[in-house]
Amino acid sequence: MTADDRPIDASKRETDDGPGNFLRDVVAADIAAGKNDGKLVTRFPPEPNGYLHVGHAKAICINFELAQEFGGVCNLRFDDTNPTREYEQYIEAIQQDIRWLGFDWGDNLYFASDYFDQLYAWAVDLIKRGLAYVESLTPEQVREYRGDFHKPGRESPYRDRSVEENLALLEKMRAGEMAEGEATVRAKIDMQSGNMNMRDPIMYRVLKVAHHRAGDKWCIYPTYDYAHGQSDAIEGITHSLCSLEFEGHRPLYDWFIEHLDTPSTPRQIEFARLNIGYTVLSKRRLLQLVKEGHVAGWDDPRMPTLRGMRRRGIPPEAIRKFADRVGVARRPGVVDISLFEHAIREQLNATTPRVFGVLDPLKLVITNFPEGHVEELEAPLSPEDPSMGSRTLRLTRELFIERDDFREEAPKKWFRFAPGREVRLRYGCLVTCNEVIKDEAGEVVELRCTWDPDSKGGSSPDGRKVRGTSHWVSAADAVDCEVRLYDRLFSVENPTGDDDVDYLTHLNPSSLEVKRGCKVEPYAAALPVGSRVQFERVGYFAVDNDTADGNLVWNRTISLRDSWAKVEKKQGPPKKG
RNA sequence: UCGGGGAUCGUCUAACGGUAGGACGCAGGAUUCUGGUUCCUGCUAUUGGGGUUCGAAUCCCUAUCCCCGAACCA
């Protein structure tokens, strides 16, 4: 059998080591079959009533990357069919966030509201053909007539109004002569359908509210169901990709496309939306967290919003990488947060300069180091990438080290500071701790050490093994700063899993820990807001935008993996008397 | 009168009648001036029960479990 004999499978990639994406297969098959003239057009259709979060990021990546991969385009369309929600403030923010994520829609910026005229004309058309009617039942009655999962709906007494009457009533609605709730336009489909969406869905409702773009031109507005598919069709969207919850709407989506003379026939395909453990991803809940002050705002670094993540220091590349690795399938699930954390560390590890920062300073005095003497030492900003350059470290008699790097009684396998131990000050020198100074309360306030002048730069002059290496800052030029440590927002993996328990009760009370009096080296202190670095041996940090003159603030994006913590845990808690 | 989806390692995700693979995670080990990175090794899965077949995660039947749906929201 030769390669030519085998059935063509465009979806099969030669090196298939990436995660699954059945959408790619579908698109490839459609293109191979010559559908839509072999073109691909997707779209990301946010409703501008909230900020974007990681869940949206997945959808954004799917739509833009698929278009990219197949040489198509991806539109950005604001689904602004409901003027009772606040819009304006989000339009610009959403665009900023998508650009930050790394995607560009070029000139393809659209608004569903741009199609209101066409949508209205199509509604008239449907009425003329007896496929839609003006409903005069009250909202309560409409609900009652609709039935439920176990009870078929009943047809409205207004269902069989004449075309003329319907047209006249529609005109009255449009002209503002109807009150809100007084009338709607419904598609005449099937009140018996097992699919509730097909029980004469509402196409238009009266909303006497001005629209952020259309002004007060309209006082009736199309619903999502009536507007979305047709908007897709107008834009020539070939594949309308959405989340699983819209599955039941697909027959309706298709019904409108089939019964209307649309310029194209887009296909809706659903995929599983993203869920991540220990957080919530719903606009409603995110809004609640902000409004009730459980977080500081939409851009609180604990929030899963793009703005929050940006402020926290998470690079957009990490989010894209994460979305790609999660894959696309139809099976709903909850992605382990560690997958995201891995993508973040991977990106940060490859791109971030290494600097010294001490979160919990402990004074260290090198007793045999000449008073006032300074050793200037060149230290690389990256151990792996020389092109990142270097900065100068100033070794002096008095330094700060991390308090956690010292133990008065060293546990097993402890390589760091302890009485009598020799430790390397990274890129500095080797020092041996000979004396521990305590205050009246018995707390360690100072370590007195001696250095080996031959170890300048941190190398071991005679090749002797020094396993412990610690970061440090010179007391003379260290810059004071505030560091904000973040932990997961919720203390349980699925905060909304129990209907009887308010998810807010699962808020992690220690999701934010503020540390003051931290010390960073001058090079780091001079970095502009938004800069991302690694504090060696501690974690990745970004300069927060609360930073002002004389008040330097860092956000911990994520800690380094800490295999010592695992060893220590395995050894059991330190023995107390 | 219920309709629509889904079930593969702990977690995501492949395999499209022909060796159940990858990533994360976890456990060991090597290298290391970050207990970081990198590298190596190992770990664990086809929801249950029947069938069809030389051969089934895949096809059929059946049971079970999970998700979505009853806004004039999207």
Side-chain angles (χ1 to χ4, degrees), chain A residues 9 11-12 16-21 25 45-47 49 79 81-82 84-85 135 138-139 142-143 146-153 180-186 192-199 201-207 220-221 223-225 227-228 242-251 270 272 277 283 325-343 345-346 349-350 354 356 379 383-384 413-416 424-428 430 455 457-460 466-471 534-539 559-568:
Chain A
D9 184 357
S11 70
K12 202 80 183 171
D16 198 344
D17 52 356
N21 182 344
D25 301 349
E47 183 189 15
N49 73 335
D79 234 331
T81 57
N82 187 345
T84 64
R85 310 219 198 183
E135 175 64 271
T138 65
V142 166
R143 194 180 322 122
R146 185 154 39 222
D148 59 35
F149 293 152
H150 304 284
K151 207 170 66 201
E180 288 189 16
E182 192 180 340
T184 58
V185 178
R186 303 179 73 178
Q192 321 293 312
S193 175
N195 182 349
M196 303 291 291
N197 297 123
M198 300 300 270
R199 319 242 265 227
I202 299 209
M203 294 162 52
Y204 273 97
R205 72 284 215 197
V206 177
L207 295 172
I220 60 173
Y221 292 93
T223 57
Y224 165 87
D225 278 318
H228 197 86
C242 63
S243 51
L244 250 26
E245 58 201 294
F246 292 101
E247 213 164 358
H249 294 250
R250 179 158 25 100
E270 312 83 20
K283 270 189 219 168
R325 282 186 194 158
V326 163
V328 185
R330 288 177 66 82
R331 156 193 16 186
V334 181
V335 177
D336 201 313
I337 189 77
S338 66
L339 191 61
F340 189 31
E341 293 175 342
H342 180 260
R345 288 197 180 100
E346 188 177 72
N349 176 55
R354 315 290 139 119
F356 290 159
E384 274 105 36
K413 293 185 177 170
W414 178 258
F415 306 145
R416 285 116 91 156
R424 176 177 8 255
L425 295 173
R426 185 157 160 90
Y427 302 132
L430 301 179
S455 67
S459 57
S460 170
V466 179
R467 297 229 30 199
T469 299
S470 283
H471 57 286
Q534 182 195 105
F535 287 178
E536 287 209 49
R537 306 205 313 125
V538 181
S559 66
L560 251 32
R561 289 182 62 199
D562 186 357
S563 58
W564 163 251
K566 283 179 194 168
V567 174
E568 195 176 34

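Sequence lines set the chain letters: A, B, ... in the order given, protein chains first and strands last, and positions in each chain run from 1.
Classification of B:rA27 as anti follows from a glycosidic angle more than 90° from 0.
The pair A:Glu247-A:Arg330 meets the salt-bridge criterion, since a charged nitrogen lies less than 4.0 angstrom from a carboxylate oxygen. Taking a cutoff of 4.0 Å between a charged side-chain nitrogen and a carboxylate oxygen, A:Arg354 and A:Glu536 do not qualify as a salt bridge.
In this pair, A:His471 and A:Phe356 present their aromatic rings tilted. The plane angle is within the 30 to 60° band.
Checked against A:His228 for a side chain to side chain donor-acceptor pair (under 3.5 Å), the options A:Asp79, A:Thr223, A:Thr81 give a single hit: A:Asp79.
Residue-level contact check: A:Asn82 touches the backbone only, with heavy atoms under 4.0 Å from sugar-phosphate atoms and none from bases. The residue A:Val334 sits close only to the backbone: its heavy atoms come under 4.0 Å of sugar-phosphate atoms, none of a base. Among the protein residues, A:Glu47 comes within range of the sugar-phosphate backbone only, with heavy atoms under 4.0 Å from sugar or phosphate atoms but none that close to a base. Using a 4.0 Å heavy-atom cutoff across all strands shown, A:Phe246 reaches at least one base atom of the nucleic acid. Among the atoms of the strands shown, only primed sugar atoms or phosphate atoms (P, OP1, OP2) are found under 4.0 Å from some heavy atom of A:Leu339.
Taking side-chain N and O atoms only, A:Arg330 has no distance below 4.0 Å to OP1 or OP2 of B:rG5.
Between A:Thr84 and A:Pro383, the residue anchored nearer the 5' end of RNA chain B, judged by the nucleotide with its closest heavy atom, is A:Pro383. Residue A:Ser470 is the one, among A:Pro45 and A:Ser470, whose nearest nucleotide of RNA chain B lies closer to the 5' end (criterion: closest heavy atom).
By the criterion of a centre-to-centre distance under 5.5 Å and near-parallel planes under 30°, the ring of A:Phe149 forms a stack with the base of B:rG69.
Not a single donor-acceptor pair, N or O on each side, falls under 3.5 Å between the base of B:rU38 and the side chain of A:Glu384. Checked by distance alone, A:Arg331 brings a side-chain donor or acceptor within 3.5 Å of a matching partner on the base of B:rU8. Taking 3.5 Å as the limit, the base of B:rG35 and the side chain of A:Arg416 contain a donor-acceptor pair of atoms between them.
Between the C1' atoms of B:rG28 and B:rU19, the separation comes to 27 Å (whole Å).
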